[in-house]
Structures are given as structure tokens and as C-alpha cells.
Amino acid sequence: MNKIATVVEWLRTSKKTIVLTGAGMSTESGVPDFRSASGWWTKTDPQQVATVDAMNSNYPLFHEFYSMRINLLEKCSPHEGHIILAQWEKKGIIHRIATQNVDGFHLQAGNKKVDELHGSIYTFRCKNCGKSATKEAFLNREVCVCGGKLRPNVVLFGESLPEETWMRAIANIKSAELVIVIGTSLEVYPVNQLPMMTNGKTVYINKDIAQHSSYFDCIVQGKAKETLIEINNLLTK
Ligand code: OAD
């Protein structure tokens with residue numbers, strides 16, 4: 001059986017399927033990932049923009065980086081692969097998505113059961129008192145009533161993942177019969193531990209598969225959108 005047929009067979013028989021996505025899920029929407037040649041971290045040092053220290057010591061650079069990403073996302077939207085995952089949730093083919101992406105594309109595409117493990121870039125709070133703020137206030141560099149600077153509700157390096165969301169993702173992955181990992185280098189802890197926590201079957205769909213070839217039960221080298229379309233065509237045949 002070829003790999004696409006294998007994934008289709010597993011999707012058909014699994015009673016609980018969880019999808020775990022990373023930045024590679026959104027590159028075909030025009031959003032750069034982090035570690036590819038065209039990724040954010042090949043141009044910008046994450047230590048300078050995506051850590052608590054960076055936010056506190058060089059707020060203008062932190063602000064510029066996240067403003068740039070917010071402005072770019074306004075020009076991008078979910079692609080057909082996202083839509084397929086939303087249809088699969090509606091049809092009961094998949095149970096839930098856990099994502100490292102802060103772009104909200106799974107929710108925009110129509111998935112309701114999404115665990116945003118690294119937060120969301122569309123909501124904001126004061127970095128001192130935690131009071132919520134608007135996107136406009138952040139982009140205009142307004143400050144909170146307490147005088148604190150504003151930040152997006154994303155998880156920065158050195159911060160914990162949102163507890164409830166993280167615990168839910170672990171519980172679901174542990175009890176899944178099938179876990180499909182799409183578009184992530186699995187370089188970042190602790191999310192990169194999730195695929196190892198399941199007793200179910202594991203599938204890895206990624207453009208570049210060199211690093212993880214030994215762990216997964218089935219590896220499909222390919223682009224997220226194209227591969228999901230291929231799987232869906234066979235699944236709905
Ligand atoms: P990475 O940039 O580390 O990995 C993206 C993976 O997707 C790479 O292995 C690419 O080869 C692959 N890829 C790119 N385009 C693809 C496509 N169209 N189809 C399939 N695969 C594709 O991104 P993440 O693993 O998501 O965290 O990164 C994890 C975390 O590191 C991010 O959430 C972010 C980052 O630093 C924080 O900022 C805290």
C-alpha cells in the first residue's frame with residue numbers, strides 16, 4: 001500500500017485522531033515558517049525578539065517584529081489544507097487539533113476544537129498587569145492604564161505554555177489512536193514531546209523529513225496543502 005493509502009486507511013479506522021501542526025502548515029498561505037531558508041529565524045535571532053528578556057530590554061525591536069507578523073497575516077488566509085481539516089472535524093474524522101501556530105488559521109478555517117499551544121497573535125495584554133488590550137492599541141504603541149507596555153498573547157521563549165491547553169493536548173494525544181503531525185521541525189520543547197506520548201499510530205507529513213525518519217509509523221514527504229488534498233481525494237472517493 002502506498003503511504004497516502006495507508007494514512008487514509010488509518011483515518012478510516014481510528015476512533016480518535018489528533019492533528020498536531022506547526023509553521024509548515026501555513027507556508028502555503030504565504031506565512032514564513034521559522035527554520036527553513038526563508039524562515040523568520042534565518043533573518044532574525046529569536047533571542048533578540050521572541051524572549052521575555054528581549055521584550056523587556058529592547059521593546060522597540062520586539063514591537064517591530066510582532067507588528068510585522070501581524071501586518072503580514074492580515075494579507076494571508078487559510079488554504080485548502082486548513083479547510084480540509086475543518087471538514088474532517090465536522091465529519092468526525094478528526095477529533096481535535098493541537099497547534100504551535102499563533103496565526104489562528106485553523107479557527108478561521110472552521111475548526112472549533114483547537115488547542116493553541118503557543119497562544120494567539122490576535123489578542124493582547126499589558127506585559128505588567130495583564131489587562132487585555134486591543135490590536136490597534138498594540139500597533140499604535142499605546143500603553144496600559146498602569147503604564148505598562150503591551151504585548152501579544154503569544155508564548156515567548158522562556159515562558160510556560162497555557163496550562164489548561166497544554167494538559168488537554170497531552171490527554172488527547174495520550175488517548176489518540178492516530179496522531180498526524182504536519183509541518184513542524186519538532187525542534188521546540190515541550191511540544192516536540194507530544195508525538196512520543198501516544199500509544200496510537202503516528203504519521204509525519206513534512207516537506208523535509210531527514211531528522212525524524214526513525215520515530216514515525218508513516219512518513220509522507222510533501223507539502224501540507226498538497227498532501228492533505230491527496231489524502232482527502234482518496235478518503236472521499
Ligand atoms: P519550524 O520553522 O521550526 O518548522 C517548520 C517545518 O515545516 C520545517 O521542517 C519545514 O521543512 C516544514 N515545512 C515548511 N513548509 C512546509 C509545507 N508547505 N508543507 C510541509 N512542511 C513544510 O516551525 P515550527 O516547528 O512550527 O515558537 O516551530 C516551532 C516553534 O518555534 C514556533 O511555534 C515558534 C518557533 O520559534 C515560538 O516563537 C515560541
Side-chain angles (χ1 to χ4, degrees), residues 3-4 7 19-55 61-62 65-70 72-73 76-85 97-106 114-122 151-162 165-166 169 179-196 203-213 215-216 218-232:
K3 288 177 175 185
I4 299 293
V7 179
V19 175
L20 171 65
T21 62
M25 181 72 212
S26 297
T27 54
E28 288 155 284
S29 288
V31 184
D33 65 8
F34 295 93
R35 294 175 182 80
S36 294
S38 55
W40 293 112
W41 299 157
T42 47
K43 297 177 216 89
T44 309
D45 176 359
Q47 295 303 322
Q48 306 296 314
V49 292
T51 64
V52 177
D53 272 358
M55 175 174 69
L61 194 61
F62 168 86
F65 178 68
Y66 282 97
S67 300
M68 185 170 62
R69 288 180 58 191
I70 292 161
L72 172 70
L73 281 172
C76 302
S77 52
H79 58 61
E80 211 177 325
H82 293 99
I83 306 288
I84 286 170
L85 291 178
I97 295 181
T99 187
Q100 296 164 92
N101 299 343
V102 297
D103 58 29
F105 282 1
H106 291 303
V114 181
D115 291 318
E116 295 184 308
L117 300 167
H118 287 173
S120 166
I121 203 165
Y122 298 114
R151 58 166 290 178
N153 284 327
V154 297
V155 174
L156 300 173
F157 285 108
E159 291 184 313
S160 307
L161 271 52
T165 309
W166 174 236
V179 175
I180 303 182
V181 178
I182 309 174
T184 170
S185 63
L186 292 172
E187 294 243 343
V188 174
Y189 181 88
V191 175
N192 61 1
Q193 302 301 299
L194 286 174
M196 266 100 81
V203 174
Y204 186 49
I205 300 170
N206 213 66
K207 208 174 63 175
D208 169 21
I209 55 164
Q211 274 175 306
H212 302 288
S213 48
Y215 176 71
F216 290 87
C218 178
I219 295 174
V220 184
Q221 182 167 24
K223 290 187 174 177
K225 181 173 86 171
E226 286 172 8
T227 307
L228 284 167
I229 291 172
E230 235 184 297
I231 294 170
N232 194 49

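Order of appearance sets the numbers: ligands from 1, and atoms from 1 within every ligand. Values reported hereafter were calculated over all heavy atoms of this structure, with side chains retained and with hydrogens, waters and symmetry mates removed.
Contacts of Ser185 with ligand 1, taken as heavy-atom pairs under 4.0 Å, involve both backbone and side chain. If you look at Thr27 next to ligand 1, the close heavy atoms, those under 4.0 Å, all belong to the side chain. Contacts between His118 and ligand 1, counted as non-hydrogen atom pairs separated by less than 4.0 Å, involve the side chain only.
Under a 4.0 angstrom heavy-atom cut-off, Trp41 registers as being in contact with ligand 1. At a 4.0 Å cut-off, at least one heavy atom of Glu28 sits close enough to ligand 1 to count as contact.
Classified by interplanar angle (parallel below 30°, tilted 30° to 60°, perpendicular above 60°), the ring pair Phe34/Trp41 is tilted.
Those atoms of ligand 1 that come under 4.0 Å of a heavy atom in Phe34, given as number and element, are 2 (O), 23 (O), 28 (O), 32 (C), 34 (C), 35 (C). Ligand 1 places these atoms under 4.0 Å from at least one heavy atom of Val155: 39 (C). Set against the non-hydrogen atoms of Gly183, the atoms of ligand 1 under 4.0 Å away are 5 (C), 6 (C), 7 (O), 21 (N). Numbered from 1 in the order shown, with element, the atoms of ligand 1 that lie under 4.0 Å from a heavy atom of Gly22 read 26 (O). Listed by number with element, the atoms of ligand 1 under 4.0 Å from a non-hydrogen atom of Gly24 are 5 (C), 7 (O), 13 (N), 14 (C), 15 (N), 16 (C), 17 (C), 18 (N), 19 (N), 22 (C). Ligand-side atoms of ligand 1 in range of Val188: 29 (C), 30 (C), 31 (O), range being under 4.0 angstrom from any heavy atom. Per-residue contacts place Gly222 under 4.0 angstrom from the following atoms of ligand 1 (heavy atoms of the residue considered): 19 (N), 20 (C).
Counting protein heavy atoms only, atom 26 (O) of ligand 1 is closest to Ala23 N, 2.8 Å. Regarding atom 21 (N) of ligand 1, its nearest protein heavy-atom neighbour is Lys207 N, 3.1 Å. The single protein non-hydrogen atom nearest to atom 19 (N) of ligand 1 is Ala224 N, 2.8 Å, given as residue, atom name and distance. Atom 28 (O) of ligand 1 has as its closest protein heavy atom Arg35 NH1, 3.2 Å.
Nearest residue to atom 11 (O) of ligand 1 from Thr227, Asp208, Asn192 is Asp208 (criterion: closest heavy atom).
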